[in-house]
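Below: the structure, in structure tokens.
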Amino acid sequence: MMDNRFATALVIACVLSLISTIYLAASIGTDFWYEYRTPSPPENNSEIKLTWDDFTSEDEKIYTEALFQWNGTIGLWRRCITIAEPSYWHNSQGEMKTKCASFSLSEQFMEKYKEPGNHNSGSDLNRTYLWRFQFLLPFVSLGLMCFGALIGLCACACHSLYPAIATGVLHFLAGLCTLGSVGCYVAGIELLHQNLPRPAGVQGQFGWSFCLACVSAPLQFMAAALFIWAAHTNRKEFTLLKAYRVA
């Protein structure tokens, strides 16, 4: 029979694991890792059309400047800008709408350049690999947590707590991957702004999608610690009890 302490620890660990999975999945699927705030976006309709055409291109400099200009947000999969719909009335601005463009798989693995948009400036390996890792690591983290959950289900089916150590180790590795993704994203944004500074008056800040990923990592570490503690301590006490009975 399992001690109440270990049962409570496992329940708390499962809840933390579930919450961190939801947070990480929401973070991956939303577009608010980084946000730009522009004081006064342009109002010229022809300029709006030009901006949207440029925004959908694969040129990093062009779509980043559009993000600066139009209150842009950027995630792991998509980038969005808030622009005014064309108005039929003279000298009046249409309704503001958010439009998004997805990063293709080839764009995720595309080379970054020392001067964004300038192919002749040479490859920037730091930004190239930071971008790739920030995209891949969250999915690795989710995969590790799902695999850990399967091991936990097998442990329940076998009425054994010992496999929970493997679940804890996988959650710990998932936390490292999430933390690595957050670190890569921060470093990548800082390097981008060094090479392509924000215009005067444009403010930038990390969004709530980024915050969800930041919160997910410590939850994964806490779940890992509880899984490992419960399994290890239960095994140790069982071994001592068995030795006592033999004696």
Side-chain angles (χ1 to χ4, degrees), residues 20-21 23-38 55 57-69 71-81 100-145 171-200 202-221 224:
S20 66
T21 302
Y23 281 5
L24 185 59
S27 175
I28 293 173
T30 49
D31 314 312
F32 296 90
W33 279 67
Y34 201 84
E35 304 176 5
Y36 296 99
R37 290 290 173 263
T38 309
F55 185 64
S57 79
E58 294 184 353
D59 191 304
E60 185 183 25
K61 183 176 186 294
I62 292 175
Y63 71 68
T64 302
E65 288 178 343
L67 289 170
F68 291 159
Q69 193 174 24
N71 293 319
T73 63
I74 185 168
L76 299 181
W77 279 97
R78 295 196 309 174
R79 55 190 185 269
C80 302
I81 53 176
C100 300
S102 298
F103 292 107
S104 65
L105 196 59
S106 61
E107 280 184 90
Q108 298 285 7
F109 295 96
M110 189 178 292
E111 268 189 325
K112 304 294 180 184
Y113 300 100
K114 293 178 180 178
E115 295 179 13
N118 184 359
H119 294 214
N120 298 320
S121 62
S123 176
D124 189 335
L125 291 179
N126 288 334
R127 290 204 310 117
T128 298
Y129 284 101
L130 285 171
W131 184 280
R132 292 174 184 177
F133 283 133
Q134 78 183 27
F135 164 70
L136 291 173
L137 286 177
F139 292 100
V140 174
S141 179
L142 278 180
L144 289 170
M145 292 187 68
H171 275 70
F172 179 76
L173 294 175
L176 289 178
C177 289
T178 304
L179 201 59
S181 176
V182 167
C184 288
Y185 195 86
V186 171
I189 285 290
E190 291 300 320
L191 289 175
L192 173 63
H193 291 161
Q194 286 178 15
N195 297 330
L196 188 63
R198 295 193 302 266
V202 175
Q203 298 179 347
Q205 63 183 12
F206 293 101
W208 59 266
S209 300
F210 176 83
C211 294
L212 286 179
C214 291
V215 172
S216 179
L219 292 178
Q220 290 168 329
F221 288 133

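Below, each value reflects all heavy atoms present in this structure, side chains not excepted, and no hydrogens, waters or symmetry copies.
Side-chain contact check for Trp208 versus Leu212: some heavy-atom pair is nearer than 4.5 Å. Taking the side chain as every heavy atom from C-beta outward, Leu24 and Ser141 approach each other to under 4.5 Å.
Within 6.0 Å of CZ in Phe68 there are more than 12 heavy atoms belonging to other residues, nucleotides or ligands. Other residues, nucleotides and ligands contribute at most 12 non-hydrogen atoms within 6.0 Å of the OH atom of Tyr129. Shown here is Tyr23, whose OH atom has no more than 12 heavy atoms of other residues, nucleotides or ligands within 6.0 Å.
No donor-acceptor distance shorter than 3.5 angstrom exists from the side chain of Gln220 to the backbone of Leu176, with no hydrogens or angles considered. Side chain of Asn195 to main chain of Glu115: no donor-acceptor pair is present (N/O by atom type, distance under 3.5 Å, no hydrogens or angles). Using a distance-only test at 3.5 Å, with no hydrogens or angles considered, no donor-acceptor pair links the side chain of Ser20 to the main chain of Ser216. Put simply, the side chain of Ser181 never gets that close to the backbone of Cys177: no donor and acceptor are under 3.5 Å apart.
Rounding to the nearest 0.5 Å gives a distance of 10.5 Å between CG of Leu125 and CG of Leu130. Distance CD/Glu65 to CG/Leu196: 5.5 Å, rounded to 0.5 Å. To the nearest 0.5 Å, the span separating CD on Gln69 from OG1 on Thr64 amounts to 12.5 Å. Met110 contributes atom CE, which lies 10.5 Å from atom CZ of Arg132 (distance to the nearest 0.5 angstrom). Residue Ile189 holds its CD1 atom at 12.5 Å from CD of Gln205, rounded to the nearest 0.5 Å. Here the CD atom belonging to Gln108 is positioned 8.5 Å from the CG atom belonging to Leu136, to the nearest 0.5 angstrom.
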As a quick check of understanding, evaluate side-chain contact (heavy atoms from CB on, under 4.5 Å) for Val140 and Phe133, giving each step before the final call. CA-CA 10 Å; Val140 174; Phe133 283 133; over 6 Å; no
For Tyr185 and Ile74, what are the C-alpha separation, side-chain angles and deciding distance, and is it a side-chain contact (heavy atoms from CB on, under 4.5 Å)? CA-CA 11 Å; Tyr185 195 86; Ile74 185 168; 3.4 Å; yes
Is there a side-chain contact (heavy atoms from CB on, under 4.5 Å) between Leu192 and Glu60 once you walk through the steps? CA-CA 10 Å; Leu192 173 63; Glu60 185 183 25; 3.7 Å; yes
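Between Tyr36 and His193, the ring planes lie perpendicular to each other; the angle is over 60°, past the 30° to 60° tilted range. Between Phe221 and Phe172, the two ring planes are tilted [angle within 30° to 60°].
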Report, one line per pair, each donor and acceptor closer than 3.5 Å where one atom sits in a side chain of residues 28-35; sequence neighbours left out.
residue	atom	partner	partner atom	Å
Thr30	OG1	Ala26	O	2.7
Thr30	OG1	Ser209	OG	2.5
Asp31	OD1	Arg78	NE	3.3
Asp31	OD2	Arg78	NE	3.2
Asp31	OD2	Arg78	NH2	2.5
Trp33	NE1	Ser27	O	2.8
Tyr34	OH	Arg198	NH1	3.4
Glu35	OE1	Arg37	NH2	2.9

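Side-chain contact, Glu111 with Ser123: a donor N or O sits under 3.5 Å from an acceptor N or O.
Because its NZ or CZ atom is both nearer than 6.0 Å to the ring centre of Phe103 and within 45° of the ring axis, Arg79 counts as a cation-pi partner of that residue.
Trp131 has its ring centre no less than 6.0 Å from the ring centre of Phe109.
In this structure, Arg127 and Pro116 approach most closely via the heavy-atom pair NH2-CG, 3.9 Å. Minimum heavy-atom separation, Asp124 to Lys114: CB-N, 3.8 Å.
Take Tyr113 and apply the ring pair (Phe, Tyr, Trp, His ring centres under 6.0 Å) test, not counting sequence neighbours, and it matches His119.
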